[in-house]
**Q** 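This is the structure I want to talk about, given as structure tokens.
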Amino acid sequence: MNNRYQWAQEQYAALGVDTEEAIERLKKVKISIHCWQGDDVSGFENSGELSGGIAATGNYPGKARTPQELMDDLDQALALIPGKHKISLHAMYAITGGQPVERNELKPEHFAPWVEYAKQRGLGLDFNPTYFSHPMAKDSLTLSSPDEKVRRYWIEHTKACRTIAEYFGKELGQTSVNNIWIPDGYKDIPADRLGPRRRLKESLDEIFSQKLDPNYIIDTVESKVFGIGLESYTVGSHEFYMNYAAKNGVLCLLDNGHFHPTEMVSDKIPSMLLFFDKLALHVSRPVRWDSDHVVIFDDELKEIAKEIVRCDALDRVLIALDYFDASINRVAAWVIGTRNMQRALLYALLQPSKKLRDMQENGDFTSVLALSEELKGYPFADVWDEFCARCGVPQREAWLEDVRRYEKDVLSKRG
């Protein structure tokens, strides 16, 4: 324990905040780290360009091209991120030994290498069906398509994915989140908004009619306000999924890049927690539109973390990351985003939440504002340094030296 941390500990103790308790609580938080940052959402199918309103911009050298390269890159990132976490996979990251396998025919065996990878490192695995970048995503419609053949294909795919997620949970002893996000929508104003949503509801009803063990799988549904080429209408809107989840015993997943720029996911968290046992998040960073930038330590990230902590919901909110920046070192992008999510949670854990809440209840809004502003100058960074040291990872920007070394020795040698 260094002198700077001891001083910080005393400063927070004067506010009634126990820094040791904050560090221990943060150690227990698992963040689901998205594998697709490492290869620009390419997957292992070699099925062509991205579709479904998704775009990974940039051409920084060193992109992962094989399962082994992606795993190696994740290892490098995990070595620089405090704690033990989870890896979030998409279905298109199946490892099939070079043999083509249709998405509706995927089986647990196609993800056995990922399970072995996770077991060896003490990680969990989450899952996502892949509804984009595929010929059967016809006219930008999948589970809501009027074409019965298309819709049937994606229903079968989703059922297969749920079985795979349950397999992850059983094998790893950690519940696996299986998240449904579809790109379905229209570029221009539709003549019928109800029909596609009715078909989506019917598809989901059939998918969830298969009851799986909740000890091993949690089902979530993720909304979006719009996408490129789908600007006027999104079938899976927030209102649709929130109502569907409330009625059907699945969870809503909120992506903070999937709402109008004036909507704040942080403000939605307390309301959702009043009506759901758990809540799932995809933490991203929108810039003007859903651009999936690397998560930074900005005001909204702090507010998201503060609401999780204030609601005493660290064990109820399932935190995952979702961004894909191909313009910078991809390993660094993982490290920056994940450490910032943890940094925000620590910042929230160091807030004197009860004191601030009592001030508000007593109508002392002057003190709420004054103390909230003064807290911004408290020695939070010294507690973060101590947390990193105890977890055996580099403090501050020292981790960047490891990434540069890895870039020189490994990434630069990739064609």
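Position 1 is the first residue of the sequence, and the numbers go up from there.
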**Q** Could you walk me through whether S176 and Y167 pass the side chain to side chain donor-acceptor pair (under 3.5 Å) test, one step at a time?
**A** CA-CA 9 Å; S176 179; Y167 157 71; over 6 Å; no
**Q** Heavy-atom count check: over 12 atoms from other residues, nucleotides or ligands less than 6.0 Å from N59 CG?
**A** no
**Q** Give the ring-plane orientation class for F127 versus F111, where under 30° counts as parallel, over 60° as perpendicular and anything between as tilted.
**A** perpendicular
**Q** Can you name the residues that form a salt bridge (Lys or Arg N to Asp or Glu O under 4.0 Å) with E222, not counting sequence neighbours?
**A** none
**Q** Check the orientation of Y323 and H34. Use parallel for under 30°, tilted for 30 to 60°, and perpendicular for over 60°.
**A** perpendicular
**Q** Evaluate R151 against E148 for salt bridge (charged side-chain N to carboxylate O under 4.0 Å, His left out), listing each step before the verdict.
**A** CA-CA 5 Å; R151 198 163 65 254; E148 172 61 26; 2.5 Å; yes
**Q** Who passes salt bridge (Lys or Arg N to Asp or Glu O under 4.0 Å) against R414, sequence neighbours left out?
**A** E69, D73
**Q** Quick check on side-chain contact (heavy atoms from CB on, under 4.5 Å): which of T234, L204, V221 does F240 satisfy it with?
**A** L204
**Q** Could you walk me through whether L200 and D184 pass the side chain to side chain contact (heavy atoms under 4.5 Å, CB included) check?
**A** CA-CA 9 Å; L200 174 56; D184 297 34; over 6 Å; no
**Q** Supply the atom-to-atom distance L253 CG to L281 CG, rounded to the nearest 0.5 angstrom.
**A** 7.0 Å
**Q** CD1/I87 to CG/L74 distance, rounded to the nearest 0.5 angstrom?
**A** 4.5 Å
**Q** Taking atom CG of D277 as the centre, does the number of heavy atoms from other residues, nucleotides or ligands within less than 6.0 Å exceed 12?
**A** no
**Q** Rounded to the nearest 0.5 Å, what's the gap from OG1 on T66 to CG on D39? Could you check?
**A** 10.0 Å
**Q** Counting neighbours of NZ on K138 that are heavy atoms of other residues, nucleotides or ligands and sit closer than 6.0 Å, is the number greater than 12?
**A** no
**Q** Apply side chain to side chain contact (heavy atoms under 4.5 Å, CB included) to W181 and D255, showing your working.
**A** CA-CA 10 Å; W181 173 82; D255 185 313; over 6 Å; no
**Q** Start with the C-alpha distance between D139 and S145, add both sets of side-chain angles, then the distance that settles side chain to side chain donor-acceptor pair (under 3.5 Å), and finish with yes or no.
**A** CA-CA 8 Å; D139 300 323; S145 174; over 6 Å; no
**Q** Take Y233 and D192 through the test side chain to side chain donor-acceptor pair (under 3.5 Å) and record every step on the way to the result.
**A** CA-CA 10 Å; Y233 171 74; D192 175 18; over 6 Å; no
**Q** List the atom of M92, the atom of R103, and the distance in Å for their closest heavy-atom pair.
**A** CB-NH2, 4.3 Å
**Q** Contact between E307 and V265 at the side-chain level, heavy atoms closer than 4.5 Å - yes or no?
**A** no
**Q** Does K268 qualify as a cation-pi partner of F259, given the criterion of NZ or CZ under 6.0 Å from the six-membered ring centre and within 45 degrees of its axis?
**A** yes
**Q** Can you confirm whether K187 is buried at NZ, in the sense that more than 12 heavy atoms of other residues, nucleotides or ligands lie under 6.0 Å from that atom?
**A** no
**Q** Would you call the rings of F297 and F380 parallel, tilted or perpendicular, taking 30° and 60° as the class edges?
**A** parallel
**Q** Does a donor on one side chain and an acceptor on the other come within less than 3.5 Å for D322 and S284?
**A** no
**Q** When D385 is tested against each of R396, R390, R339 for salt bridge (Lys or Arg N to Asp or Glu O under 4.0 Å), which residue passes?
**A** R396
**Q** Are any of the side-chain nitrogens in R197 or E239 under 4.0 Å away from the carboxylate oxygens of its partner?
**A** no
**Q** Hey, is CG on L274 packed in by over 12 heavy atoms from elsewhere, all under 6.0 Å?
**A** yes
**Q** Scan the side chains in residues 365-372 for donor-acceptor partners under 3.5 Å anywhere in the protein, sequence neighbours excluded, and list what turns up.
**A**
residue: S367; atom: OG; partner: D364; partner atom: OD1; Å: 3.1
residue: S367; atom: OG; partner: D364; partner atom: OD2; Å: 2.6
residue: S372; atom: OG; partner: V368; partner atom: O; Å: 2.6

**Q** Could you state the interatomic distance from OG (S232) to CZ (R193), rounded to the nearest 0.5 Å?
**A** 8.0 Å
**Q** Evaluate I23 against L26 for side chain to side chain contact (heavy atoms under 4.5 Å, CB included), listing each step before the verdict.
**A** CA-CA 5 Å; I23 288 173; L26 183 58; 5.9 Å; no
**Q** Taking E166 for its side chain and D213 for its backbone only, find out whether a donor-acceptor pair lies under 3.5 Å.
**A** yes
**Q** For residues Y60 and D40, is any side-chain donor paired with an opposing acceptor at under 3.5 Å?
**A** no
**Q** Is it the case that over 12 heavy atoms from other parts of the model lie below 6.0 angstrom from the CD atom of E401?
**A** no
**Q** Apply salt bridge (Lys or Arg N to Asp or Glu O under 4.0 Å) to R343 and list each qualifying residue two or more places apart in sequence or on a separate chain.
**A** none
**Q** Any chance you could measure I31, atom CD1, to L318, atom CG, to the nearest 0.5 Å?
**A** 12.0 Å
**Q** Centre-to-centre under 6.0 Å for H134 and Y153, is that the case here?
**A** yes
**Q** Side chains of T158 and Y131: donor-acceptor distance under 3.5 Å anywhere?
**A** yes
**Q** Got a salt bridge between K27 and E24, using NZ or NE/NH1/NH2 to carboxylate O under 4.0 Å?
**A** yes
**Q** Does R25 form a salt bridge (charged side-chain N to carboxylate O under 4.0 Å, His left out) with D312? I'd like the steps, not just the answer.
**A** CA-CA 11 Å; R25 291 182 70 187; D312 193 24; 3.6 Å; yes
**Q** Checking side chain to side chain contact (heavy atoms under 4.5 Å, CB included) for the pair L15/L375: CA distance, chi angles, key distance, verdict?
**A** CA-CA 10 Å; L15 289 173; L375 282 165; 3.5 Å; yes
**Q** Do I180 and D219 come close enough that some side-chain heavy atom pair is under 4.5 Å?
**A** no
**Q** For the residue pair F44 and W114, categorise the inter-ring angle as parallel (less than 30°), tilted (30 to 60°) or perpendicular (more than 60°).
**A** parallel
**Q** Only counting residues at least two apart or in another chain, list the ones meeting ring-ring contact (aromatic ring centres under 6.0 Å, His included) with H90.
**A** W36, F132
**Q** Before giving the answer on side chain to side chain donor-acceptor pair (under 3.5 Å), spell out for Y117 and D75 the whole-Å C-alpha distance, their side-chain angles and the decisive distance to 0.1 Å.
**A** CA-CA 10 Å; Y117 172 86; D75 278 343; 2.9 Å; yes
**Q** Sequence neighbours left out, what passes side chain to side chain donor-acceptor pair (under 3.5 Å) with K355? Give chain and number order.
**A** none
**Q** Answer yes or no: is there an ion pair linking K376 with E373, defined by an N-O contact shorter than 4.0 Å?
**A** yes
**Q** Find the distance between CG (L254) and CE (M242) and round it off to the nearest 0.5 Å.
**A** 9.0 Å
**Q** Shortest non-hydrogen contact from E300 to M264?
**A** OE1-SD, 3.6 Å
**Q** Test salt bridge (charged side-chain N to carboxylate O under 4.0 Å, His left out) on E202 and R199; report intermediate values, then the result.
**A** CA-CA 5 Å; E202 291 170 354; R199 289 191 293 270; over 6 Å; no
**Q** In this structure, are over 12 heavy atoms from other groups packed under 6.0 Å from D267 atom CG?
**A** no
